Visitor: 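My questions will all concern the structure given below.
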Amino acid sequence: MASKADFTEEQWETLQRGLTGTGMLVSMADPGLMDSFGESSALAKYLQSQRVAGATELMRELGGTRGTGFGLTTKPDEVRAGTILALQSAVEILSARAPEEVEPYRQVVLGVATAVAEAKQGVSPSEAAVIDAIKEALGSA
């Protein structure tokens with residue numbers, strides 16, 4: 001079983017950025033101030049659930065992720081590009097260092113995407129399109 005100790009700081013940040021960037025990316029797909037609060041709450045609750053019930057030790061450790069790796073003034077295009085790149089890199093990192101963690105990571109990322117998209121009024125077409133891009137980045141499209 002892999003754990004945080006099996007990764008460099010840079011690799012760990014990439015895994016985290018892909019995970020939390022996913023929540024931010026889905027939230028930005030269908031913006032609305034009040035929706036953002038509910039979506040942020042859904043992201044936090046989902047990550048908290050992973051700290052307790054994550055499929056592997058690594059996923060439980062990732063559930064403790066704080067922050068997104070993006071600043072408040074980061075432009076939407078930068079969040080999208082950065083998140084997609086982080087997800088692709090995360091799959092490469094996990095494939096090389098802990099192949100058994102690739103599928104659990106995909107599931108956690110997609111769980112974040114779904115939780116955020118469903119937080120307010122169901123999944124919009126723009127959120128569904130972002131989730132498809134996330135799936136593609138994860139190699140599970």
Side-chain angles (χ1 to χ4, degrees), residues 1-74 76-141:
M1 283 280 168
S3 71
K4 180 180 178 179
D6 296 315
F7 301 91
T8 66
E9 187 174 327
E10 183 179 321
Q11 290 170 330
W12 186 251
E13 288 173 4
T14 297
L15 295 174
Q16 291 179 310
R17 183 174 293 120
L19 181 60
T20 58
T22 291
M24 199 171 170
L25 186 58
V26 172
S27 181
M28 291 169 55
D30 193 14
L33 181 60
M34 295 311 293
D35 289 349
S36 294
F37 289 117
E39 291 165 343
S40 294
S41 177
L43 172 61
K45 286 179 185 176
Y46 186 85
L47 291 176
Q48 178 63 31
S49 75
Q50 291 305 300
R51 288 183 69 192
V52 175
T56 67
E57 178 182 346
L58 185 64
M59 296 309 113
R60 290 187 292 275
E61 288 178 312
L62 280 168
T65 296
R66 300 278 189 261
T68 63
F70 298 102
L72 290 174
T73 59
T74 305
D77 288 344
E78 292 173 16
V79 172
R80 182 179 178 88
T83 298
I84 296 299
L85 180 60
L87 291 170
Q88 292 167 336
S89 297
V91 170
E92 290 173 11
I93 291 165
L94 291 170
S95 294
R97 292 189 154 262
E100 72 281 0
E101 297 289 350
V102 173
E103 191 55 32
Y105 184 78
R106 283 181 178 135
Q107 294 305 313
V108 168
V109 168
L110 293 174
V112 162
T114 301
V116 171
E118 292 177 347
K120 296 289 181 179
Q121 303 176 28
V123 181
S124 72
S126 57
E127 290 169 330
V130 167
I131 292 171
D132 286 344
I134 289 165
K135 287 178 182 178
E136 186 176 327
L138 290 168
S140 58

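Keep in mind it's a predicted model, so treat the numbers as computed, not measured.
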Visitor: How close do Ala113 and Ile134 get, counting heavy atoms only, and between which atoms?
Guide: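 Shortest heavy-atom contact: CB-CD1, 4.3 Å.
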Visitor: Are any side-chain N or O atoms of Ser27 and backbone N or O atoms of Gly23, one a donor and one an acceptor, separated by less than 3.5 Å?
Guide: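 Flag not set: sc Ser27 to bb Gly23 has no pair under 3.5 Å.
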Visitor: If you take all heavy atoms of Ala90 and Thr14, which pair is closest and at what distance?
Guide: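 Looking at all heavy atoms of both residues, the shortest contact is N-CG2, 3.9 Å.
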Visitor: If we ignore hydrogens and angles and just use 3.5 Å, is the side chain of Ser49 paired with the main-chain N or O of Tyr46 as donor and acceptor?
Guide: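 Checking the backbone N and O of Tyr46 against the side chain of Ser49, a donor-acceptor pair under 3.5 Å is found.
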Visitor: Quick one: closest heavy-atom pair of Leu47 and Leu62, and the distance?
Guide: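 Taking every non-hydrogen atom into account, CD2-O, 4.4 Å.
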Visitor: Quick one: list whatever passes side chain to side chain contact (heavy atoms under 4.5 Å, CB included) with Leu85, sequence neighbours left out.
Guide: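 With neighbours one apart ignored, the set is Gln88, Ser89.
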Visitor: Ignoring hydrogens and geometry, is there a side-chain-to-backbone donor-acceptor pair from Tyr105 to Leu15 under 3.5 Å?
Guide: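 Side chain of Tyr105 to backbone of Leu15, a donor-acceptor pair under 3.5 Å: yes, one is there.
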Visitor: How many angstroms lie between CD in Glu39 and CE in Met28, if you round to the nearest 0.5 Å?
Guide: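 It is 11.5 Å, given to the nearest 0.5 Å.
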Visitor: Report yes if some heavy atom in the side chain of Leu110 is under 4.5 Å from a heavy atom in the side chain of Lys135; otherwise report no.
Guide: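 Of all side-chain heavy-atom pairs linking Lys135 with Leu110, at least one is under 4.5 Å.
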Visitor: Considering non-hydrogen atoms only, spot the tightest contact between Leu87 and Ala137 and give its length.
Guide: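 Minimum heavy-atom separation between Leu87 and Ala137: CB-CB, 4.0 Å.
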Visitor: To the closest 0.5 Å, what do you measure between CD (Glu78) and OG1 (Thr83)?
Guide: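 Here the interatomic distance stands at 11.0 Å.
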Visitor: If we only count heavy atoms from C-beta on, is the Val116 to Thr22 side-chain gap below 4.5 Å?
Guide: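 Val116 vs Thr22: side chains apart.
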Visitor: Please name the pair of heavy atoms, one in Val130 and one in Val26, separated by the smallest distance, quoted to 0.1 Å.
Guide: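 Shortest heavy-atom separation between Val130 and Val26 comes out as CG1-CG2, 4.0 Å.
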Visitor: Considering all heavy atoms of both residues, which atom of Ala2 and which atom of Ala98 are nearest to each other, and what is their separation?
Guide: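 Ala2 and Ala98 have their closest heavy atoms at CB-CB, 3.6 Å.
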Visitor: Could you work out, with side chain to side chain contact (heavy atoms under 4.5 Å, CB included) as the rule, every residue matching Thr114, not counting sequence neighbours?
Guide: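 Glu118.
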Visitor: Holding to side chain to side chain donor-acceptor pair (under 3.5 Å), I want the full list of residues that pass it with Thr56, two or more places apart in sequence or in another chain.
Guide: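 Listed in chain order: Glu101.
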Visitor: Given side chains that start at C-beta, do those of Gln50 and Val112 come closer than 4.5 Å, heavy atoms only?
Guide: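 Side chain of Gln50 against side chain of Val112, heavy atoms only: no contact under 4.5 Å found.
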Visitor: Tell me every residue that passes side chain to side chain donor-acceptor pair (under 3.5 Å) with Ser124, counting only those two or more places apart in sequence or in another chain.
Guide: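 Once residues adjacent in sequence are excluded, the partners of Ser124 under the side chain to side chain donor-acceptor pair (under 3.5 Å) criterion are Asp30, Ser126, Glu127.
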Visitor: Does any pair with a residue in residues 41-60 pass salt bridge (Lys or Arg N to Asp or Glu O under 4.0 Å), and if so which ones, sequence neighbours excluded?
Guide: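 Qualifying pairs: none.
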Visitor: Mind checking the CD-CD1 spacing from Glu10 to Ile93? Nearest 0.5 Å is all I need.
Guide: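 With rounding to 0.5 Å, CD (Glu10) is 7.5 Å from CD1 (Ile93).
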Visitor: I need the full list of salt bridge (Lys or Arg N to Asp or Glu O under 4.0 Å) pairs touching residues 82-100, with sequence neighbours left out, sorted by first then second residue.
Guide: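 The answer is none; no pair qualifies.
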Visitor: Could you check if a side-chain atom of Phe7 sits within less than 4.5 angstrom of a side-chain atom of Leu94, using non-hydrogen atoms only?
Guide: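 Phe7 reaches Leu94 side chain to side chain.
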Visitor: Taking only residues two or more places apart in sequence or in another chain, which ones pass side chain to side chain donor-acceptor pair (under 3.5 Å) with Glu103?
Guide: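 Applying side chain to side chain donor-acceptor pair (under 3.5 Å) to Glu103 gives Arg106, Gln107.
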